[in-house]
Asks: 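If you scroll down you'll find the structure; I have some questions about it.
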Amino acid sequence: MGIVAAFEAMVLFFAFLLSGKKRRGKTDLSQVKVIGRLDDFLPDTVYPYRSGQLYLVRFRDGGFLAISLKCTHLGCSVRWIEDDQKFVCPCHASQFDRKGNVLSPPAPRALDIYEVYLEDGLIKVDLNKKIKRRFFEPSQVTYV
Ligand code: FES
């Protein structure tokens, strides 16, 4: 009985490992964007990524957040307004703070984010992994 249970546990463990390998294998590397060198990004600054897909926010404490520019109302592209320190949607006037939280509706939730990581001194964003969220949480910030 114990041997059967141990065998089943091993089968489940290897199935889990293989499923993770498949998921990683499906990553479209063309959608992993090099945003720039770590030193390129000053704290307390919002950077538009040149392809127009996202904004990279670097917080005062050095953390990063890659924010989708698609408004969570109907998908128009939000713009960062430096003077007002907020994202504004030109379609129906939703507004978001620098963390992507809704300041003013009709947007129903915070702007989506992407995974950020550091590799070989470069900040990269994986556009394969859009993360939907209701609001900002500190755990969403990446520290490298
Ligand atoms: Fe942005 Fe409607 S699409 S407020």
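Both ligands and their constituent atoms are indexed starting at 1 by order of listing. Since the model is a prediction, treat every value here as computed from it, not as a measurement.
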Asks: Could you check whether Asp44 pairs with Arg98 (Lys NZ or Arg NE/NH1/NH2 to Asp/Glu carboxylate O, under 4.0 Å)?
Replies: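 Yes, this pair counts.
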
Asks: Taking the N/O/S atoms of His73 one by one, which is nearest to atom 2 (Fe) of ligand 1?
Replies: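 Output for this pair reads ND1.
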
Asks: How long is the straight-line distance from CD of Gln31 back to NZ of Lys130, given to the nearest 0.5 Å?
Replies: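 It is 11.0 Å, given to the nearest 0.5 Å.
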
Asks: Pull out every atom of ligand 1 sitting under 4.0 Å from any heavy atom of Ser94, numbered as shown with elements.
Replies: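 So the atoms of ligand 1 that pass are 4 (S).
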
Asks: With side chains defined as the heavy atoms from C-beta onward, is the minimum distance between Phe87 and Lys99 less than 4.5 Å?
Replies: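 Side chain of Phe87 against side chain of Lys99, heavy atoms only: no contact under 4.5 Å found.
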
Asks: Could you tell me, atom by atom, which parts of ligand 1 come under 4.0 Å of a heavy atom of Cys71?
Replies: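 Result: 1 (Fe), 3 (S), 4 (S).
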
Asks: Is atom 2 (Fe) of ligand 1 less than 2.8 Å from an N/O/S atom of Cys89, whether that atom is in the backbone or a side chain?
Replies: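 So Cys89 does not bind atom 2 (Fe) of ligand 1 by this criterion.
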
Asks: As an exercise, state the distance from CG of Leu127 to NZ of Lys33, rounded to the nearest 0.5 Å.
Replies: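 If we round to the nearest 0.5 Å, Leu127:CG and Lys33:NZ are 6.0 Å apart.
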
Asks: Among all protein heavy atoms in this structure, tell me which lies nearest to atom 3 (S) of ligand 1, with the distance rounded to 0.1 Å.
Replies: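 Ranked first by proximity to atom 3 (S) of ligand 1 is Leu74 N, 3.3 Å.
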
Asks: So which of the N, O or S atoms of His92 lies nearest atom 2 (Fe) of ligand 1?
Replies: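 Considering only N, O and S atoms, His92 comes nearest to atom 2 (Fe) of ligand 1 through ND1.
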
Asks: Provide the number and element of each atom of ligand 1 under 4.0 Å from a heavy atom of Cys76.
Replies: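 Every atom of ligand 1 under 4.0 Å from some heavy atom of Cys76: 3 (S).
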
Asks: So how far is it from Gln140 CD to Ile113 CD1, rounded to the nearest 0.5 Å?
Replies: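 These two atoms lie 4.0 Å from each other.
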
Asks: Could you state the interatomic distance from CD1 (Ile123) to CG (Asp39), rounded to the nearest 0.5 Å?
Replies: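 Ile123 CD1 to Asp39 CG: 9.5 Å, rounded to 0.5 Å.
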
